Amino acid sequence: MLIADLYKINEDSVRDGVQTTTVSLNPKSDIFKGHFPGNPITPGVCTLQIIKELTENRKGCSLFMKKASNVKFMAVINPEKTPDLVITNDFTDSEEEIKVKSTVKYDDTLALKVVVTFVKV
């Protein structure tokens, strides 16, 4: 984990090649002291980092983000109000790259929708 206390994984499963992971954000993480004091909001880059780390764990290799497309941040993720997230990753692998169609939700709210291409390193 790049940020040691940012989140913890509660459940992780794969069905028909699609990974579904539930994570809980730690509202006391130092990242929220600066983003933003008194009104914590999960930085989009941290959400993308979580997607990368879940993909690395699932695929068993280190990855470097090559590009992100169709990035749609649709709702604010406040770790004090909605710390529990469901992240769904649908993978398309090639020999050198992994393409991930990912969604991040809390309750019935879609917070992020993105397609990320990672290079295997």
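Because the structure is a prediction, the values reported are computed rather than measured.
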(message) If the threshold is 4.0 Å, N to carboxylate O, is there a salt bridge linking Asp5 and Lys28?
(response) no
(message) Can you give me the closest heavy-atom contact between Ala111 and Tyr106, atom names plus distance?
(response) CB-CE2, 3.9 Å
(request) Examine distances only and state if a side-chain atom of Asn26 and a backbone atom of Leu6 form a donor-acceptor pair shorter than 3.5 Å. (result) no
(message) I want to check something: taking the side chain as every heavy atom from C-beta on, are Thr55 and Ile98 in contact at a cut-off of under 4.5 Å?
(response) yes
(message) Are Val115 and Lys99 packed together at the side-chain level, in the sense that at least one heavy-atom pair is separated by less than 4.5 angstrom?
(response) yes
(message) Other residues, nucleotides and ligands only: do more than 12 of their heavy atoms fall within 6.0 Å of NZ on Lys120?
(response) yes
(message) I'd like to check Phe118 versus Glu97 (side-chain heavy atoms, cut-off strictly below 4.5 Å). Are they in contact?
(response) no
(message) So Thr20 and Val86, do their side chains get closer than 4.5 Å, heavy atoms only?
(response) yes
(request) Please examine the side chains of Ile9 and Asn57, heavy atoms only from C-beta on, and report whether any two atoms are closer than 4.5 Å. (result) yes
(message) Could you check whether atom NZ of Lys52 has more than 12 heavy atoms from other residues, nucleotides or ligands sitting under 6.0 Å from it?
(response) yes
(request) Using a 4.5 Å cut-off on heavy atoms from C-beta on, say whether the side chain of Glu56 contacts that of Leu54. (result) no
(message) Please find the pair of heavy atoms, one from Asp12 and one from Arg58, that lie closest to each other, and give the distance.
(response) OD2-NH2, 2.6 Å
(request) For Thr42 and Ile77, indicate whether the former's side chain and the latter's backbone hold a donor-acceptor pair under 3.5 Å. (result) yes
(request) Could you tell me which non-hydrogen atom of Phe73 sits nearest to which non-hydrogen atom of Gly44, and how far apart they are? (result) CE2-CA, 3.5 Å
(request) For the residue pair Asn89 and Val18, establish whether any side-chain heavy-atom pair is separated by less than 4.5 Å. (result) no
(request) Could you check Asn39 against Asn78 for side-chain contact (heavy atoms from CB on, under 4.5 Å), going step by step and ending with a plain yes or no? (result) CA-CA 8 Å; Asn39 186 25; Asn78 181 325; 4.1 Å; yes
(request) For Asp107 and Thr109, indicate whether the former's side chain and the latter's backbone hold a donor-acceptor pair under 3.5 Å. (result) no
(message) Are Val116 and Ser102 packed together at the side-chain level, in the sense that at least one heavy-atom pair is separated by less than 4.5 angstrom?
(response) no
(message) Quiz question: by atom type and distance under 3.5 Å, do the side chains of Glu53 and Tyr7 form a donor-acceptor pair?
(response) yes
(message) For the backbone of Val121 and the side chain of Ser62, can you confirm whether one donor and one acceptor N or O come within less than 3.5 Å of each other?
(response) no
